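Written out below as structure tokens is the structure these notes cover.
Here the structure is a predicted model, which means the values were calculated and not measured.
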Amino acid sequence: MSAGQPGRPGVVVSGMRPTGRLHLGHLLGTLRNWVALQADHRCHFFVADWHVLTTDYEKPRDVGGFAEEMVLDWLAAGIDPERSIVFRQSAIAEHAELALLFGMFTPVPWLERNPTYKEQREQLVDRDLSTYGFLGYPVLQAADILLYKANGVPVGVDQAPHVELTREIARRFNHLYGETFPEPQALLSPVSKVPGTDGRKMSKSYGNAIQLDEDPGQIEARLGRMATDPRRARRTDPGDPADCPAHALHRVYDTPDELEWVDRGCKTAGIGCLECKKVMIRHVVEDLEPFREKRRELAARPGWVREVIEDGTSKARAIARTTMAEVRSAIGFAVPGGGDS
Ligand code: TRP
Ligand code: SF4
């Protein structure tokens with residue numbers, strides 16, 4: 001996976017909404033992807049706090065507190081502030097300015113046919129999402145991405161339509177006002193849709209998530225009860241790993257030999273489900289141990305997360321200002337003495 005041209009580091013941007021502590025799905029599906037990209041890309045990772053308001057405008061909650069907790073999880077997972085720029089979206093008003101300008105030429109039907117828009121409006125029935133802000137969610141996301149002229153956007157498959165829309169917005173801007181933005185690619189995570197203990201997509205709101213700070217005993221107990229192929233109701237009934245939610249975690253963690261053992265044992269009823277899951281559970285516990293240790297260590301450094309965010313914000317702001325000066329001049333809105341420096 002790479003973005004940009006050979007021999008030149010690509011520019012990567014991605015964001016996450018601060019809605020609480022992270023779980024195993026975030027670690028495997030998103031963070032590991034981010035951490036790997038740091039090796040050879042200039043990465044920008046931000047807390048998408050304005051995006052929270054598109055659905056939770058009635059109760060913005062403690063997004064500030066969540067932001068720092070979430071960034072601590074990022075850092076414990078291996079995001080390196082010496083290499084990557086870490087910041088909060090709402091600290092950089094240029095995101096809003098660029099989103100406003102993009103909104104001028106983004107056709108409403110592009111937004112209405114966005115699959116996430118339709119889906120979420122049906123699912124989140126407890127609030128009124130017939131708002132301008134919610135419809136415009138992907139326009140703000142396009143601004144987040146293009147403000148830093150990203151070539152690559154690491155996201156899960158569910159976000160791919162938003163990156164596609166970003167490309168269309170970039171193309172339209174370039175066509176109207178002159179070549180300014182690259183057309184970014186979605187860099188899909190190799191691990192997508194990590195299932196939770198009940199087999200549905202892992203999500204805090206389903207109560208099926210393995211939190212990153214759970215202790216080993218808890219992890220063992222909860223994964224020990226994780227959903228398996230329903231055909232294996234009795235120990236003697238054979239099953240198929242392809243129909244087993246727990247097997248998704250085997251695929252992430254097991255060695256080829258272990259996978260082979262699981263496959264044969266499952267299909268011949270040679271092994272029991274708990275016996276099978278124990279192999280994967282040991283991997284999960286071993287994987288999370290260093291994470292928890294690092295997080296404890298980092299949490300003991302008072303004020304450090306805040307410093308990381310402040311430092312990242314000033315770096316991001318400098319880039320954002322440069323892009324906006326270019327954008328204003330492209331559309332003929334450069335303001336004399338307007339502070340475009
Ligand atoms: N929409 C993304 C999500 O829900 C979060 C996000 C906001 C984002 N802006 C972004 C992701 C820019 C990548 C790039 O997960
Ligand atoms: Fe899943 Fe393993 Fe049970 Fe097969 S034996 S259903 S792969 S837990």
Can you tell me how far [atom2] of [Y] sits from [atom1] of [X], rounded to the nearest 0.5 angstrom?
| X | Y | atom1 | atom2 | answer |
| --- | --- | --- | --- | --- |
| H175 | E168 | NE2 | CD | 14.0 Å |
| I145 | E183 | CD1 | CD | 12.5 Å |
| H51 | F46 | NE2 | CZ | 7.0 Å |
| L53 | L140 | CG | CG | 10.0 Å |
| Q159 | L188 | CD | CG | 11.0 Å |
| E122 | K118 | CD | NZ | 8.5 Å |

Given salt bridge (charged side-chain N to carboxylate O under 4.0 Å, His left out), test D229 with R232 step by step and report yes or no.
CA-CA 6 Å; D229 180 352; R232 297 216 63 191; over 6 Å; no
Please check if [X] and [Y] belong to a single hydrophobic cluster, counting links between Ile, Leu, Val, Met, Phe, Trp and Tyr side chain heavy atoms closer than 4.5 Å.
| X | Y | result |
| --- | --- | --- |
| L274 | L223 | no |
| I281 | L27 | yes |
| V108 | L101 | yes |
| W50 | L124 | no |
| Y57 | F66 | no |

Test the R200-Y206 pair against the cation-pi criterion, namely NZ or CZ under 6.0 angstrom from the six-membered ring centroid and within 45° of the ring axis.
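Yes, R200 lies over the aromatic ring of Y206.
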Pairwise side-chain contact, [X] with [Y], heavy-atom cut-off 4.5 Å (strictly under):
| X | Y | answer |
| --- | --- | --- |
| P154 | T30 | no |
| K201 | P195 | no |
| I271 | W261 | yes |
| R171 | N174 | no |
| R88 | P18 | no |
| D49 | M70 | no |
| H26 | D73 | no |
| V35 | R32 | no |

Parallel under 30°, tilted from 30 to 60°, perpendicular over 60°: which one fits the rings of [X] and [Y]?
| X | Y | result |
| --- | --- | --- |
| H162 | Y137 | tilted |
| W74 | W34 | perpendicular |
| F173 | F181 | perpendicular |

Is a side-chain donor or acceptor of [X] paired with a backbone partner of [Y] at a separation under 3.5 angstrom?
| X | Y | answer |
| --- | --- | --- |
| Q185 | V153 | no |
| R317 | A91 | yes |
| D237 | A269 | no |
| S130 | D128 | no |
| Q89 | H95 | no |
| D240 | D243 | no |
| N208 | S203 | yes |
| R251 | V191 | no |
| K277 | M226 | yes |

Under 4.0 Å between a side-chain nitrogen and a carboxylate oxygen: does that hold for R21 and D213?
yes
Are the charged groups of E275 and K278 less than 4.0 angstrom apart, N to O?
no
Determine, step by step, whether R264 and K267 satisfy the side-chain contact (heavy atoms from CB on, under 4.5 Å) criterion, reporting the C-alpha distance in whole Å, the side-chain angles of both residues, the deciding distance to 0.1 Å, and the verdict.
CA-CA 5 Å; R264 187 159 355 101; K267 288 175 176 162; over 6 Å; no
Let me see the working for I319 and R42 under side-chain contact (heavy atoms from CB on, under 4.5 Å), right down to the final yes or no.
CA-CA 12 Å; I319 302 168; R42 194 184 86 209; 3.8 Å; yes
Run the salt bridge (charged side-chain N to carboxylate O under 4.0 Å, His left out) test on D56 and R17 for me, step by step, so that the C-alpha distance in whole Å, both residues' side-chain angles and the decisive distance to 0.1 Å come before the verdict.
CA-CA 11 Å; D56 289 30; R17 283 174 298 178; over 6 Å; no
Can you name the nearest heavy-atom pair linking [X] to [Y], along with the distance?
| X | Y | value |
| --- | --- | --- |
| M202 | G25 | SD-N, 3.3 Å |
| T19 | K204 | O-NZ, 2.9 Å |
| T323 | L146 | CG2-O, 4.2 Å |
| S14 | V155 | OG-CG1, 4.4 Å |
| L28 | S189 | O-OG, 4.0 Å |
| N114 | P161 | OD1-CB, 4.3 Å |

Would E326 and K149 satisfy salt bridge (charged side-chain N to carboxylate O under 4.0 Å, His left out), going step by step from the backbone distance to the final call?
CA-CA 12 Å; E326 207 183 319; K149 301 195 176 182; 2.9 Å; yes
Yes or no on salt bridge (charged side-chain N to carboxylate O under 4.0 Å, His left out) for E97 and R321, after CA distance, side-chain angles and deciding distance?
CA-CA 11 Å; E97 183 181 358; R321 287 194 172 153; over 6 Å; no
Passes side-chain contact (heavy atoms from CB on, under 4.5 Å), V284 versus Y253? Steps please.
CA-CA 8 Å; V284 175; Y253 283 109; 3.6 Å; yes
Are more than 12 heavy atoms from other residues, nucleotides or ligands located less than 6.0 Å from atom CD of E82?
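No.
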Would you say that more than 12 heavy atoms from the other residues, nucleotides or ligands in this model lie under 6.0 Å from the CZ of R235, or not?
yes
Check each of H44, H41, Q141 against V13 using the side chain to side chain contact (heavy atoms under 4.5 Å, CB included) test, and report the only one that passes.
H44
Worked verdict on V12 versus Y148 for side-chain contact (heavy atoms from CB on, under 4.5 Å)
CA-CA 8 Å; V12 158; Y148 305 94; over 6 Å; no
